[in-house]
Amino acid sequence: MDHAAHGHAGSPQDEHAVHSQGEHAGHSTAMFKNRFWLTLGLSIPVVLFSPMLGDLLGYTPPIFPGSAWISPLLGTVIFIYGGQPFLSGGWKEIKTKQPGMMLLISMAITVAFIASWATSLGIGGFDLDFWWELALLVTIMLLGHWIEMRALGSARGALDALAALLPDEAERVIDGGTETISIAELAAGDIVLVRSGGRLPADGVITEGTVEVDESMITGESKAVPRTVGDPVVAGTVATDSSLRLRVSAVGEETALAGIQRLVAEAQGSTSRAQALADRAAAFLFYFAAGTGIITFIVWSLLGSVPDAVVRTVTVLVIACPHALGLAIPLVIAISTERAARAGVLIKDRMALERMRTIDVVLFDKTGTLTKGEPALTGATGIRGMATDELLALAAAVESDSEHPVARAIVNAAQKSGTAMPGASGFQSMTGRGVQATVNGSTIAVGGPTLLTELNLTEPVDIAVETTVWKERGASVLHVIRDGSVIGAVALEDEVREESRHAVKALQDRGVKVAMITGDARQVARSVATELHIDEVFAEVLPQDKDQKVAELQDRGLKVAMVGDGVNDAPALARAEVGIAIGAGTDVAMESAGVVLAGNDPRAVLSMMDLSKASYRKMWQNLVWATGYNIIAVPLAAGVFAFAGFVLSPAAGAVLMSLSTIVVALNAQLLRRLKLNPADVQ
């Protein structure tokens, strides 16, 4: 059973994915790319054989039988094939009475097409050979939309990633053994065998076995949780160290994982999409150009020169075509995403950049984001006469044969301290209680409260004071037992990233509030929040409540950037104005986010904020230039200074329009000077 098949078709990684919303509805990235390359190829001879451009640049186009029809014929192909997305988009904008970029482009290329054919056929005696301008306009617009669509991001692939967490098959227990079936065949009440290291195929209750379950993909917390007979478990989690049998209680759409899928879909659907700045400018320019064109025709006709009225009107409408405007936003987005990628920031959502500059609060998931997501030894204490180094050496010797994260933390701590570990033999793992081995002729055990209870042991007063402090801040406490007596204890905690301190302080210095959300106990959350000086903490939060907490912050009027790395973060990432996934996290978290941090450095959030502000400035600068040029050039083309003997010729207007495109392109390139390395951001 292929779970990916149940996801949404057309993930952002697929160039052939067809968009269903906005001005690109019904279009794919591959469509714009293919039309651009073919149109570019056809545009070269159109430009080369253009008499108007030849006169302007002072060269004579090649002449041979039929050469005069090369530009009209190829220009017609360009108009029909290359211009089709804009013509259909313009028609949709007319029907919805929402003029924008597509209608402005459609108007310009249609006017240029008709005027050019009239000139080529000698109708009216006009000199309006705009074939080269038509070809370049369509080519540039196709390039701009191709660039823009490549920069588009969405979180639709999140549902595929969630479905992929489930195994394809399950081992159902039957009389005399087991049978392998598709999980689609499971039903409530079935008994299922899950082997060590296997992923649970359905929600259920353990009927046999004691096991540590990795629930990080659901809870987001790194520490495996002990589960035994009677305990509920959920689909998608992993039995790490032993096999178990469970009675299925929920399958398919009723599982907790499916519930998270629904939350992701709901959150994605509720995420607002701000209208693109270029579309707003294009709507203004459409009304401006259309109004100016009508006034121009009327005024020049009243002056008694209908041919001049036609020439002036056509020039106005063609000059209004948005060369620079069409590239103003896509170029900035393309350069911004490229610069961000070099700094380890993958921008998937085209609006994430714009939104990031407006963020009021950054909500960090704790585990794996502000912390390393793995246990580290943070304390050790022994009874009177027991040196800490000796205690750590004994504990590490016992744990050296285990691959458990806790064991690795203890061994790593001993190695870093330079403590020599004695040899151990007879290693034994006591599931859910601890480990045991023989060291220097003594039986040494390392385990938690369950092991003390089993052995009927209590903490010596010597270490109780220290362990009480550890427990109050939420640390996991393991006791070291030698020949039946407790000789010490060690504390293990999820270690805070050093980079987190700088990230939190720098955000607060910029006036941005910092909040933290976690499924951990309140004392654990409070300890981390105090260490990092975090403004607000949400602790003991269930997966569905993470989404609600983001909505709660938004209800206060705050714009939220959510930073997380687990499946349980996916709905919150999609709900937030900007969802930022830590790259080391799960696939579904990355798919649900608008931004993915390739590394684990939370300071990259600052890089994102700087880039957002810089790119937004460039967008506005480009839009002001592109729009301002038209506001000035269109009246000149209309002939407002004709009384003074100055009239902007069609060729000169077209060239100036191309120069404005160059200015916009060069201005966007200035973004490359921005330093975005997280370590360099202040």
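Bear in mind that the values here come from a model prediction, so they are computed numbers and not experimental data.
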Quick check against the 3.5 Å criterion: does Glu93 have a side-chain atom that pairs as donor or acceptor with the backbone of Leu103?
yes
Checking Glu577 side chain against Val560 main chain: does a donor-acceptor pair fall under 3.5 Å?
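Side chain of Glu577 to backbone of Val560: a pair is present.
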Can you measure from [atom1] ([X]) to [atom2] ([Y]) and round to the nearest 0.5 angstrom?
| X | Y | atom1 | atom2 | answer |
| --- | --- | --- | --- | --- |
| Leu136 | Thr39 | CG | OG1 | 11.5 Å |
| Trp625 | Asn667 | CH2 | CG | 10.0 Å |
| Arg355 | Ser612 | CZ | OG | 10.5 Å |
| Arg617 | Gln621 | CZ | CD | 7.5 Å |
| Ile295 | Arg312 | CD1 | CZ | 16.0 Å |
| His502 | Asp601 | NE2 | CG | 9.5 Å |

Are any of the side-chain nitrogens in Asp569 or Arg575 under 4.0 Å away from the carboxylate oxygens of its partner?
no
Check: Thr76/Trp117 side-chain N/O donor and acceptor closer than 3.5 Å:
yes
In terms of side-chain heavy atoms, does Thr139 have a donor or acceptor partner in Ser43 at a distance below 3.5 Å?
yes
Which donor-acceptor pairs under 3.5 Å do the side chains of residues 65-75 make with protein atoms, sequence neighbours left out?
from, atom 1, to, atom 2, distance (Å)
Ser67, OG, Phe64, N, 3.1
Ser67, OG, Phe64, O, 2.8
Ser71, OG, Val46, O, 3.0

Over 60° means perpendicular and under 30° means parallel, so classify the ring planes of Phe113 and Trp131, tilted if in between.
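Geometry flag for Phe113 against Trp131: perpendicular rings.
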Nearest heavy atoms of [X] and [Y], plus distance in Å:
| X | Y | value |
| --- | --- | --- |
| Pro45 | Gly41 | CD-O, 3.2 Å |
| Gly82 | Val138 | C-CG1, 3.5 Å |
| Ser106 | Gly90 | OG-CA, 3.7 Å |
| Pro85 | Arg35 | CG-CD, 3.9 Å |
| Ile359 | Val361 | CG2-O, 3.3 Å |
| Leu636 | Phe641 | CD2-CD1, 3.2 Å |

Among all residues two or more places apart in sequence or in another chain, which pass the ring pair (Phe, Tyr, Trp, His ring centres under 6.0 Å) test with Phe297?
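Checked Phe297 against ring pair (Phe, Tyr, Trp, His ring centres under 6.0 Å); zero matches.
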Checking side-chain contact (heavy atoms from CB on, under 4.5 Å) for the pair Val512/Asp360: CA distance, chi angles, key distance, verdict?
CA-CA 5 Å; Val512 178; Asp360 302 307; over 6 Å; no
Taking the side chain as every heavy atom from C-beta outward, state whether Val605 and Met356 have any pair of such atoms under 4.5 Å apart.
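Yes, close enough: below the 4.5 Å cut-off.
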Counting only heavy atoms not in Leu302 (residues, nucleotides, ligands), do more than 12 fall under 6.0 Å from its CG?
yes
Could you walk me through whether Thr313 and Trp300 pass side-chain contact (heavy atoms from CB on, under 4.5 Å), step by step?
CA-CA 9 Å; Thr313 302; Trp300 281 93; over 6 Å; no
